[in-house]
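Here is the structure we will look at.
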Amino acid sequence: DVKVTQSSRYLVKRTGEKVFLECVQDMDHENMFWYRQDPGLGLRLIYFSYDVKMKEKGDIPEGYSVSREKKERFSLILESASTNQTSMYLCASNTGGGGQHTQYFGPGTRLTVL
Amino acid sequence: AQSVAQPEDQVNVAEGNPLTVKCTYSVSGNPYLFWYVQYPNRGLQFLLKYITGDNLVKGSYGFEAEFNKSQTSFHLKKPSALVSDSALYFCAVRDPLGGGFKTIFGAGTRLFVKA
């Protein structure tokens, strides 16, 4: 059974803080993704990675960075948190290229920036 | 550009009745189409997908969806709704011509099933 875990279910941070969100998958998937979910907007892709140390910008990368030093771990970094980054953050992973493979999602981290 | 539309924010149905959650898409090539479900305070769970072949796709928990190329639709259906089906449903599309990494999600449709 594929398992994607995220380091925190709930986080509360102050404006200007540096925030780290961690994601780990246990299925040796090549691809990992970070999304944010906001009501009425669905999921929007922040960054994805198709291999260790490789990263690609998604649709809304501004204010975020990522790190993938090991295949199983993909970190999302908010360099200086702002209130408009209050959201639900979802990590996902899947295998291979070509696009037909299902994504597996973590339980999400609900981040509140005060 | 790829896009997905879920025209209904909310769908209400009585338990035992059939349900339909609508999805239309726009993509330049032949799409890969997905449905996911999200229960409260949980991540998304995969329900079903259309990649190629038979237009009627069967998935988890008795759900099915029909790929209609002429209408660019991929509506999710279930013959008999359960209260436990109440959740947020997302339709998603991927364009294989773009390398297949980017998935576009609809805004979501909240399904309420009343007992």
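Lettering of chains follows the sequences in order, A, B, ..., and the numbering in each one begins at 1.
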Worksheet item: Same cluster for Phe34(B) and Val27(B) if Ile/Leu/Val/Met/Phe/Trp/Tyr side chains link at under 4.5 Å?
Response: no
Practice prompt. Tell me the residues of residues 66-93 of chain B whose non-hydrogen atoms fall below 4.5 Å from those of chain A, in number order.
Written response: Leu88(B), Phe90(B)
Practice prompt. Measure Tyr10(A) against the heavy atoms of chain B and call it side chain, backbone, both or neither at under 4.5 Å.
Written response: side chain
Discussion item. For residues Tyr64(A) and Phe20(A): do they belong to one hydrophobic cluster (side chain heavy atoms under 4.5 Å, members Ile, Leu, Val, Met, Phe, Trp, Tyr)?
Written reply: no
Discussion item. Which heavy atom of Tyr35(A) sits nearest to which heavy atom of Thr103(B), and what is that distance?
Written reply: OH-CB, 3.9 Å
Item to complete: Evaluate whether atom CG of Asn30(B) has more than 12 neighbouring non-hydrogen atoms of other residues, nucleotides or ligands under 6.0 angstrom away.
Response: no
Worksheet entry | chain B contacts, top residue of Phe105(A), Tyr50(A), Phe48(A) (heavy-atom pairs, under 4.5 Å) | Phe105(A)
Item to complete: Have a look at Phe105(B) and tell me which of Leu45(A), Leu41(A), Leu43(A) forms a side chain to side chain contact (heavy atoms under 4.5 Å, CB included) with it.
Response: Leu43(A)
Item to complete: Indicate the atoms forming the closest heavy-atom contact of Gly40(A) with Ala107(B), along with that distance.
Response: O-CB, 3.4 Å
Discussion item. Please check: side-chain N/O of Arg94(B) versus main-chain N/O of His101(A), any donor-acceptor pairing under 3.5 Å?
Written reply: yes
Discussion item. In this structure, would Phe33(A) and Met88(A) fall into the same cluster of hydrophobic residues linked by side-chain contacts under 4.5 Å?
Written reply: yes
Item to complete: Look up atom CG in Leu90(A) and atom CD in Gln38(B), then write down how far apart they are to the nearest 0.5 Å.
Response: 6.0 Å
Worksheet item: For chain A, which residues of residues 45-62 of chain B have at least one non-hydrogen atom nearer than 4.5 Å to it?
Response: Phe46(B), Lys49(B), Ile51(B)
Fill in: Distance, nearest 0.5 Å, that separates CD of Gln103(A) from CG of Leu44(B)
9.0 Å
Fill in: Portion of Gln6(B) that has a non-hydrogen atom of chain A nearer than 4.5 angstrom
neither
Practice prompt. Find out if a path of hydrophobic residues (ILVMFWY) with successive side-chain heavy-atom gaps under 4.5 Å connects Leu21(A) to Val4(A).
Written response: no
Fill in: Spatial distance of atom NZ (Lys102(B)) from atom CD (Glu56(A)) [nearest 0.5 Å]
10.0 Å
Worksheet entry | Engaged part of Arg9(A) at the chain B interface, taking heavy atoms whose separation is under 4.5 Å | side chain
Worksheet item: Are Met54(A) and Ile77(A) connected, step by step, through hydrophobic side chains (Ile, Leu, Val, Met, Phe, Trp, Tyr) whose heavy atoms are closer than 4.5 Å?
Response: no
